Number of protein chains: 2
Amino acid sequence: MDDMDRKILRVVQNDSTASIAEMADAVGLSHTPFWRRLKKLEAEGVIRERVAILDAEKLGLGITVFANVKLRQHDEDTLEAFEREVAEFPEVVECFSMSGETDYVVRALVRSIEEYERLLKRKLLHLPGVVAINSHFALKCIKLTTRLPV
Amino acid sequence: MDDMDRKILRVVQNDSTASIAEMADAVGLSHTPFWRRLKKLEAEGVIRERVAILDAEKLGLGITVFANVKLRQHDEDTLEAFEREVAEFPEVVECFSMSGETDYVVRALVRSIEEYERLLKRKLLHLPGVVAINSHFALKCIKLTTRLPV
DNA sequence: TATGAAACGCCATCCCC
DNA sequence: GGGGATGGCGTTTCATA
């Protein structure tokens with residue numbers, strides 16, 4: 001993982017539609033060594049996947065909600081069950097266990113407030129161990145990127 | 001935007017390395033009409049971009065922080081300046097303006113707690129209008145996906 | 001107007017230097 | 001790390017209903 005590898009990562013995380021030849025001379029390498037390094041980074045798992053990023057707004061998913069989840073009990077089994085189940089909701093795009101007051105932060109994408117109410121009341125609140133959920137609605141997305149600072 | 005388009009979107013947001021032919025018969029279409037629909041979805045901006053997703057851990061970016069930001073004043077100029085500047089930090093991968101107590105939620109990726117301290121004290125706290133920042137560290141990533149529920 | 005088939009040209013991939 | 005060859009695929013055009 002030298003400077004050239006980092007250069008390559010910056011290029012591919014910006015746009016993976018470009019051809020090998022284009023990306024190669026963007027980083028100042030001929031196509032073969034560039035390709036070899038790329039494959040190595042993929043094999044090592046530094047490059048996890050290549051995906052298309054969709055526009056949530058254009059798909060009608062206009063509402064972003066942050067849900068702060070508190071659990072009643074913190075035994076291994078409850079945590080494991082909660083984590084497994086919360087990850088399965090397609091509306092949940094992000095979930096972290098946290099230090100501090102709230103046990104989990106969940107970011108969910110829904111079409112409307114009513115849809116969130118259903119998600120919350122019928123699903124999230126029934127997840128293993130959940131005692132309380134504090135929901136906050138996003139007013140506006142300032143930044144949301146998949147680009148990591150390499 | 002019919003069911004077939006949604007099928008296509010599900011496929012490309014899962015893995016954009018597959019060939020047109022593979023994806024086409026994954027959705028039950030021959031490659032030409034698949035290709036045309038794909039181009040249309042790109043032109044409409046429903047498909048925003050195609051990128052490589054990197055592994056933050058493997059790049060040493062092991063610390064995820066959620067920073068809840070409160071502003072002193074909420075005039076147009078202050079908001080606009082804050083939003084423009086916060087988006088420029090490469091460590092900030094996510095920022096939403098919020099309803100409720102906190103004005104902005106920021107998710108940042110750093111290599112260490114010390115690095116976060118520097119980011120917080122030297123940069124975030126000096127952003128336009130900021131009066132207080134409440135930081136919470138993620139203990140574990142349960143889910144983090146770019147796949148939208150289509 | 002939407003689909004299927006075929007041809008062309010480029011690019012990812014592999015071999016060797 | 002670089003250059004060359006090749007097989008396959010994306011792209012385009014034509015044909016079809």
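Side chains included, hydrogens not; waters and symmetry mates left out as well; all remaining heavy atoms used. Every chain is numbered from 1, with letters handed out A, B, ... down the list of sequences. Just so we're clear, the structure is a prediction, and the values are computed from it rather than from any experiment.
- Going from atom NZ of A:Lys39 over to atom C1' of C:dC14 covers 12 Å, rounded to whole Å.
- The base of D:dG1 does not come close enough to the side chain of A:Arg37 for any donor and acceptor atom to sit less than 3.5 Å apart.
- Only A:Ser19, A:Ile20, A:Ala21, A:His31, A:Thr32, listed by number, bring a heavy atom of residues 10-32 of chain A to less than 4.0 angstrom from any atom of DNA chain C.
- Put simply, CZ on A:Phe34 is 14 Å from P on C:dC11, counting in whole angstrom units.
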Which atom pairs, one a donor and one an acceptor, fall under 3.5 Å between side chains of residues 127-139 of chain B and the rest of the protein, sequence neighbours left out?
from	atom 1	to	atom 2	distance (Å)
B:Ser135	OG	B:Tyr116	OH	2.7

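- Residue pairs meeting the ring pair (Phe, Tyr, Trp, His ring centres under 6.0 Å) criterion with at least one partner in residues 25-68 of chain B, sequence neighbours excluded, are A:Phe96-B:Phe66.
- Taking 4.0 angstrom as the limit, A:Trp35 places a side-chain polar atom (N or O) nearer than this to OP1 or OP2 of C:dT13.
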Q. Checking salt bridge (charged side-chain N to carboxylate O under 4.0 Å, His left out) for the pair A:Asp2/A:Arg37: CA distance, chi angles, key distance, verdict?
A. CA-CA 11 Å; A:Asp2 57 5; A:Arg37 280 170 180 266; 2.9 Å; yes

Please output the side-chain donor-acceptor pairs of residues 8-17 of chain A that fall under 3.5 Å, not counting sequence neighbours, one pair per line with the distance.
from	atom 1	to	atom 2	distance (Å)
A:Arg10	NH1	A:Val150	O	3.0
A:Gln13	OE1	A:Leu148	N	2.7
A:Gln13	NE2	A:Leu148	O	2.8
A:Asn14	OD1	A:Arg147	NE	3.0
A:Asn14	ND2	A:Arg10	O	3.1
A:Asp15	OD1	A:Thr17	N	3.0
A:Asp15	OD1	A:Thr17	OG1	2.7
A:Asp15	OD2	A:Thr17	OG1	3.1
A:Ser16	OG	B:Arg50	O	3.1
A:Ser16	OG	B:Val51	N	3.4

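- Partners of A:Asp103 by salt bridge (charged side-chain N to carboxylate O under 4.0 Å, His left out), not counting sequence neighbours: none found.
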I'd like a table of donor-acceptor pairs (distance under 3.5 Å, sequence neighbours excluded) in which one partner is a side-chain atom from residues 79-92 of chain A, with atom names and distances.
from	atom 1	to	atom 2	distance (Å)
A:Glu83	OE1	B:Lys140	NZ	2.6
A:Glu83	OE2	A:Tyr104	OH	2.5

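- Look at CD1 on A:Ile8: it is 12 Å from C1' on D:dG1, rounded to the nearest Å.
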